[in-house]
Amino acid sequence: MILGIIAFVLEINTFDVLGNKSWILLLIPVLLLLLLYFLGRPIFEYDSDGEALNFRNNHILLVFSKKNIKDEFPKYKLIKFNIINALIFKRLYVYISSKKTHISILKYDISFLSRKQINDLKFSLNKVVKNNQENKQEDNTAKD
């Protein structure tokens with residue numbers, strides 16, 4: 001964006017190569033900035049080692065860094081997950097059990113993950129969900 005503004009000022013004051021179309025030098029960085037905003041946070045980290053699940057979702061641009069997400073919760077709280085694959089973006093919805101509201105939904109942008117990374121994420125989360133369901137069934141049979 002800053003380079004676009006500098007190029008625009010130089011174009012108007014010094015070079016005058018584009019003439020009346022020098023506004024394009026401002027439009028292109030603005031469109032790229034909007035594209036980065038709508039695609040979501042490109043840095044997604046997931047860790048399932050140990051007894052807790054760790055999710056971290058950050059943006060590389062400082063302008064959007066106020067919306068960084070970092071969540072950590074025990075594996076047994078994971079109920080289910082859902083991956084939404086739209087044309088432009090992909091989102092991960094994680095449903096966890098909570099004492100107050102019974103179910104909380106956490107949202108993460110995974111647009112920049114490759115197909116293999118998404119498949120690995122699905123495999124890992126499915127493993128945790130399946131383990132939780134088996135433990136829940138064992139607890140129910142033990143109570144009976």
Side-chain angles (χ1 to χ4, degrees), residues 1-12 15 17-18 20-144:
M1 185 69 182
I2 294 171
L3 291 176
I5 293 171
I6 292 170
F8 177 73
V9 170
L10 288 174
E11 170 66 23
I12 290 176
F15 299 119
V17 174
L18 297 174
N20 292 337
K21 298 186 184 209
S22 61
W23 55 270
I24 292 175
L25 294 172
L26 290 178
L27 182 65
I28 292 172
V30 168
L31 290 177
L32 288 174
L33 193 66
L34 288 173
L35 180 67
L36 280 174
Y37 176 75
F38 286 119
L39 285 178
R41 299 171 197 94
I43 301 172
F44 177 78
E45 295 176 1
Y46 166 72
D47 182 24
S48 65
D49 294 339
E51 293 295 319
L53 295 173
N54 297 314
F55 293 93
R56 199 174 118 210
N57 212 192
N58 295 333
H59 210 289
I60 56 173
L61 297 177
L62 296 176
V63 177
F64 305 125
S65 66
K66 294 178 183 176
K67 297 181 180 179
N68 291 342
I69 298 173
K70 184 176 181 182
D71 294 316
E72 181 177 348
F73 53 89
K75 287 183 179 180
Y76 68 85
K77 288 191 171 194
L78 180 65
I79 299 171
K80 65 178 182 174
F81 70 95
N82 191 11
I83 294 179
I84 304 296
N85 190 0
L87 292 175
I88 298 176
F89 64 89
K90 297 174 192 165
R91 294 247 167 92
L92 169 66
Y93 293 93
V94 177
Y95 300 84
I96 61 172
S97 62
S98 171
K99 290 181 182 179
K100 295 179 182 177
T101 60
H102 301 294
I103 294 179
S104 295
I105 302 172
L106 305 173
K107 301 173 194 172
Y108 304 101
D109 295 319
I110 57 171
S111 301
F112 292 91
L113 293 182
S114 67
R115 182 174 289 152
K116 182 183 181 326
Q117 291 171 325
I118 290 175
N119 287 338
D120 291 343
L121 178 66
K122 283 181 186 178
F123 178 76
S124 178
L125 290 175
N126 275 330
K127 188 175 170 182
V128 173
V129 169
K130 185 177 178 182
N131 190 19
N132 288 345
Q133 289 174 348
E134 288 175 359
N135 289 341
K136 190 175 182 180
Q137 287 176 354
E138 288 176 7
D139 290 343
N140 288 340
T141 56
K143 289 180 183 178
D144 292 338

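All values below come from the heavy atoms of this structure, side chains included, with hydrogens, waters and symmetry mates left out. If you're wondering where the values come from, they're calculated on a predicted model, not measured in any experiment.
Residue Ile83 comes nearest to Ile118 through the heavy atom pair CD1-CG2, 4.0 Å, listed as atom of the first residue, atom of the second, then distance. The nearest pair of heavy atoms linking Ile79 to Val129 is O-CG1, 3.6 Å. Asp47 and Asp49 make their closest contact through OD1-N, 3.2 Å (heavy atoms, listed as atom of the first residue, atom of the second, distance). Considering every non-hydrogen atom in both Asn132 and Leu78, the closest pair reads ND2-O, 2.9 Å. Nearest heavy-atom pair across Phe112 and Pro42 is CD1-CA, 3.3 Å. The nearest pair of heavy atoms linking Lys75 to Ser48 is NZ-O, 2.7 Å.
In this structure, CG in Asn82 is found 9.5 Å from NZ in Lys122, a value given to the nearest 0.5 Å. Note that the CG atom of Asn57 and the CG atom of Leu92 stand 9.0 Å from one another [nearest 0.5 Å]. Between the NE2 atom of His59 and the CD1 atom of Ile69 there is a distance of 11.5 Å, given to the nearest 0.5 Å. Atoms CG and CG, from Asn119 and Leu113 in turn, are 11.0 Å apart once rounded to the nearest 0.5 Å. Here Ile105 contributes atom CD1 and Phe81 contributes atom CZ; the two are 14.5 Å apart, rounded to the nearest 0.5 Å.
Atom CD of Glu134 has more than 12 heavy atoms from other residues, nucleotides or ligands within 6.0 Å.
Figure legend: cation-pi geometry between Arg41 and Phe44 absent, as NZ or CZ is not positioned both under 6.0 Å from the six-membered ring centre and within 45° of its axis.
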Subject >> Residues Lys90, Asp109; criterion salt bridge (charged side-chain N to carboxylate O under 4.0 Å, His left out); working and verdict >> reply: CA-CA 6 Å; Lys90 297 174 192 165; Asp109 295 319; over 6 Å; no
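Between Phe73 and Leu106, the closest side-chain pair of non-hydrogen atoms falls below 4.5 Å. With a 4.5 Å cut-off on side-chain heavy atoms, Lys77 and Ser97 count as touching.
Using cut-offs of 30° and 60° on the angle between ring planes, the pair Tyr46 and Phe55 is tilted.
With Ser124 contributing its side chain and Asp120 its backbone, the two residues share no donor-acceptor pair below 3.5 Å.
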